[in-house]
Amino acid sequence: MKNLVLLISGRGSNLQSILQAAREQGWMDSVRGVISNRADAAGLDVARSFGVPTQIMAHTDFASREAFDQALGDVIAALQPDVIALCGFMRVLGEAFVTRFSGKLVNIHPSLLPAFTGLRTHARALEEGVKWHGATVHLVSSALDHGPILAQAVVPVLDDDTPQSLAARVLVEEHRIYPPVVRALLEGRVQTDGLRTRILPAPEHLS
Ligand code: GRF
């Protein structure tokens, strides 16, 4: 089985959904560790509750983005990951970092990319009046929120939605779509052709 490292900055609900799937489906041995750039991230307790080793790498301890990326990369590399899953990791990773771990970085973004890259996605979706919104799992490339798309889920935008109510509807879908993609990456079932991708079915689903 291949190695998985997860990066967080906050709540850790996507982390929880992945660890839960790993436990239920028997791939917890792949989980090498969780790294947070914030010491107060609630997700650290989530990791501990699953018995996963945690490390804190505070970006505030470093003089530059490049120095942080280098140090974070060294900590990650020591865990020999095949897949690095960003789970609400709120630091933009520089080009050198993305190149260092090229093909291994996966992220979940709370919008239907390529719409609404960046922050405040739910508020911006409401401001733009879109009728459908959602979440995207994608490979990380050096262009922010623009890597090959691996999975998407769509939710309706309701007349009375607030950014909070819309975020909650999207989050349910995030928790549904992210774990199977992480597993597929670990199992080498993801094929890419430029920005187009294909996820092959898990062996137990093959007839
Ligand atoms: C999620 O909405 C994710 O899509 C975004 O940051 C949020 C993290 O939430 N990248 P959590 O920490 O996984 O609960």
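Order of appearance sets the numbers: ligands from 1, and atoms from 1 within every ligand.
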(request) Please list, chain by chain and in numerical order, all residues satisfying salt bridge (Lys or Arg N to Asp or Glu O under 4.0 Å) with Arg11, sequence neighbours excluded. (result) none
(request) Output the rest of the hydrophobic cluster of Phe89: all Ile, Leu, Val, Met, Phe, Trp and Tyr residues reachable through side-chain heavy-atom contacts under 4.5 Å, sorted by chain and number. (result) Val5, Leu7, Ile35, Met57, Phe62, Phe68, Leu72, Val75, Ile76, Leu79, Ile84, Leu86, Leu93, Phe97, Val98, Phe101, Leu105, Val140
(request) Share the residues that join Trp132 in a hydrophobic cluster, the rule being Ile, Leu, Val, Met, Phe, Trp or Tyr side chains under 4.5 Å apart at the heavy-atom level. (result)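 Besides Trp132, the hydrophobic cluster comprises Leu112, Val154, listed by chain and residue number.
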(message) I'd like to know if the side chain of Thr136 and the backbone of Ser111 have a donor-acceptor N/O pair within less than 3.5 Å.
(response)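 Confirmed, Thr136 side chain pairs with Ser111 backbone.
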(request) For the pair Arg176 and Glu173, find out whether any cationic side-chain nitrogen is under 4.0 Å from an anionic carboxylate oxygen. (result) yes
(request) Before accepting this row, confirm whether a basic side-chain N of the pair Asp82/Arg32 lies closer than 4.0 Å to the acidic partner's carboxylate O. (result)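 The answer is no: the pair does not qualify as a salt bridge.
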Enumerate, one pair per line, all nitrogen or oxygen atoms of ligand 1 lying under 3.5 Å from a protein nitrogen or oxygen, stating the separation to 0.1 Å; write 'none' if no such pair exists.
from: ligand 1; atom 1: 2 (O); to: Glu174; atom 2: OE1; distance (Å): 3.2
from: ligand 1; atom 1: 2 (O); to: Glu174; atom 2: OE2; distance (Å): 3.1
from: ligand 1; atom 1: 4 (O); to: Glu174; atom 2: OE1; distance (Å): 2.7
from: ligand 1; atom 1: 4 (O); to: Glu174; atom 2: OE2; distance (Å): 3.3
from: ligand 1; atom 1: 9 (O); to: Arg11; atom 2: NH2; distance (Å): 3.1
from: ligand 1; atom 1: 10 (N); to: Ile108; atom 2: O; distance (Å): 3.0
from: ligand 1; atom 1: 12 (O); to: Gly12; atom 2: N; distance (Å): 2.8
from: ligand 1; atom 1: 13 (O); to: Ser13; atom 2: N; distance (Å): 3.4
from: ligand 1; atom 1: 13 (O); to: Asn14; atom 2: N; distance (Å): 2.9
from: ligand 1; atom 1: 13 (O); to: Asn14; atom 2: ND2; distance (Å): 3.0
from: ligand 1; atom 1: 14 (O); to: Arg11; atom 2: NE; distance (Å): 2.5
from: ligand 1; atom 1: 14 (O); to: Arg11; atom 2: NH2; distance (Å): 3.2
from: ligand 1; atom 1: 14 (O); to: Ser13; atom 2: N; distance (Å): 2.8
from: ligand 1; atom 1: 14 (O); to: Ser13; atom 2: OG; distance (Å): 2.5

